[in-house]
Number of protein chains: 2
Amino acid sequence: MGQTATRTLRADAERSVRVILEAAERVLAEDPGASMEQIAAAAGVARTTIHRRFANRQALIETLASSAARQLAQAVEDGRPDTAPPLVAMHRITANVLEVKSAWAFALELPADPDSEAARLHQGIARRCIAVLERARADKLIDEAADLDWVRRVYYALLRESLQDNAAAADPDTLAARIIDTLLHGAGPRA
Amino acid sequence: MGQTATRTLRADAERSVRVILEAAERVLAEDPGASMEQIAAAAGVARTTIHRRFANRQALIETLASSAARQLAQAVEDGRPDTAPPLVAMHRITANVLEVKSAWAFALELPADPDSEAARLHQGIARRCIAVLERARADKLIDEAADLDWVRRVYYALLRESLQDNAAAADPDTLAARIIDTLLHGAGPRA
DNA sequence: GTGAACTGCAACAGAGCTGATGCAGATATG
DNA sequence: CATATCTGCATCAGCTCTGTTGCAGTTCAC
């Protein structure tokens, strides 16, 4: 049955849910079409247990998406987007987001149903992001004529790219520095 | 049977193959897990016809990937990567690539088997790309200390992002201009 | 400690997809 | 025009996945 109504699960059940979601992220990141059986195996749980906690594949994925989106929103807030100096906020947020995104890459790339919790969270995050960019522009870090929506999209693209062949799994702060530098200055020669 | 050996298909059969590949691109772009039946329907062809031309789903997808990669390589060559002035080449290549990528988005994003034709083509394209960037660097368009592999990855990311919510389906030249501008100067204030 | 909640296991029906085959009719090619 | 090729259609077997149920054994919570 669906667990839309959260009727205070027992401690072990709650743990099961967490383990299942983590396994789902790992397995689906590698193969988005993986079966419930594979997810169950990766979670060290019987397939029926997944079906007891999630009505169907769809429900599992939606829960996964919201859960990850909530963590992402937290990562952004932790960077103090509207109190820290813009450049500091950008660095901190970027490093935080890189850590969350590397752990929940699949869940955060899911195309979200427009009126899902995940979609609302992502919209809120985008607004936060734009707000930081506006503060940066006010500080002359960004060109006055810049289209901030494009800048935000470029920023997202840089985040994604940094996590792609993350074989090096480099330090988030190093990656963040490169992202912000590229975002603000591109590849051209420095003054 | 597999058609690895191309034994001069009849004209109508060749046309069928093309129609199937185009349909596969369209359908799979929207839903990567779509069935052969759906692809056949989109192609206006019986499902059995697909199976006659392609041994299995895998073979169809590989053909799709190579075909698209070949077109992409052509698009790059058409920009005269090693004779035109670097900035001109970058613009032309970008505009060409945008057109091909918008038509074959799914096929070109496929994770290619390391020793497939598609993979070899993509490697060649990446080399070409690096070569252009080196020429741009020699012309002081790119910082001397820049990591060209990172620059190339950023370039790819910008291309991808530009095609994402291509609702506007803007003029390739306009998009290309923005990509190159962002790549070289970022979002910071202009001198 | 007692009862309720949770889990694994086994088994089930239903659905969808794949790949193959045979045949009859249409179409290109020389 | 004659033949080889191609296609649609109908049908088939086989597989995998999903979602459910019943039961027996374990674990949490009060």
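Letters A, B, ... mirror the listed sequences (proteins, then strands); counts begin at 1. Given the structure is predicted, the values throughout are model-derived calculations rather than measurements. Below, all heavy atoms of this structure are taken into account, side chains as well, without hydrogens, waters or symmetry copies.
- As a whole-Å value, the separation of E37(A) CD from dA10(C) P is 12 Å.
- Remark: the R47(A) side chain and the dG8(C) base include no donor-acceptor N/O pair separated by less than 3.5 Å.
- Between D115(B) and R120(B) there is no salt bridge, since no side-chain N of the basic residue sits under 4.0 Å from a carboxylate O of the acidic one.
- The backbone N or O of D78(B) lies less than 3.5 Å from no partner atom in the side chain of R92(B), so there is not a single donor-acceptor pair.
- R178(B) pairs with exactly one of L175(B), D181(B), I180(B) by the side chain to side chain contact (heavy atoms under 4.5 Å, CB included) rule, that one being L175(B).
- Cation-pi geometry between R152(A) and Y156(A) is met: under 6.0 angstrom from the ring centre, within 45 degrees of the axis.
- Counting only heavy atoms from C-beta on, A13(A) has its side chain closest to dT7(C) among dT7(C), dT29(C), dG22(C).
- Atom NE2 in H51(B) sits roughly 16 Å away from atom P in dC9(D) (whole-Å rounding).
- For the pair S35(B) and dG16(C), the criterion of a side-chain N or O lying under 4.0 Å from OP1 or OP2 is not met.
- Regarding R10(A), its CZ atom lies at a distance of 9 Å from the P atom of dA5(C), rounded to whole Å.
- At the heavy-atom level, R57(A) lies under 4.0 Å from the strands shown only through sugar-phosphate atoms.
- Nearer to the 5' terminus of DNA chain C, by closest-nucleotide assignment, is the contact made by M36(B) (compared with the other of M36(B) and D12(B)).
- Computed from coordinates, the Q58(B) CD to dG19(C) C1' distance equals 15 Å when rounded to whole Å.
- For dT7(D), the OP1/OP2 oxygens have a side-chain nitrogen or oxygen of R53(B) closer than 4.0 Å.
- Using five terminal pairs a side, the axes of the helix from dG1(C)-dC30(D) to dG30(C)-dC1(D) at its two ends make an angle of 50°, given in steps of 10 degrees.
- Here dC17(C) presents its P atom at 10 Å from CG of D31(B), a figure rounded to the nearest Å.
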Residues W104(A), S67(A); criterion side-chain hydrogen bond (donor to acceptor under 3.5 Å, both in side chains); working and verdict: CA-CA 9 Å; W104(A) 300 97; S67(A) 158; over 6 Å; no
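- Under a 4.0 Å N-O distance rule, the pair D143(B)/R137(B) does not qualify as a salt bridge.
- For Q38(B) and dC17(C), the CD to P distance is 7 Å, given to the nearest whole Å.
- With hydrogens and angles disregarded, a donor-acceptor distance shorter than 3.5 Å links the side chain of S66(A) to the backbone of E62(A).
- The side chain of V45(B) approaches dG8(D) more closely than any other nucleotide in the set dG8(D), dT7(C), dT18(C).
- Nucleic acid contact class of G44(B) (heavy atoms, under 4.0 Å, all strands): sugar-phosphate only.
- Checking side-chain atoms of Q38(B) against main-chain N and O of S35(B) turns up a donor-acceptor pair under 3.5 Å.
- Per the geometry, CD1 belonging to I50(A) stands 18 Å off P belonging to dT21(D), to the nearest Å.
- Across all strands, T48(A) comes closer than 4.0 Å to base atoms (heavy-atom distances).
- For the pair N56(A) CG and dT20(D) P, the interatomic distance rounds to 8 Å; values are reported in whole Å.
- The phosphate of dT7(C) (OP1 or OP2) has no side-chain N or O of T49(A) nearer than 4.0 angstrom.
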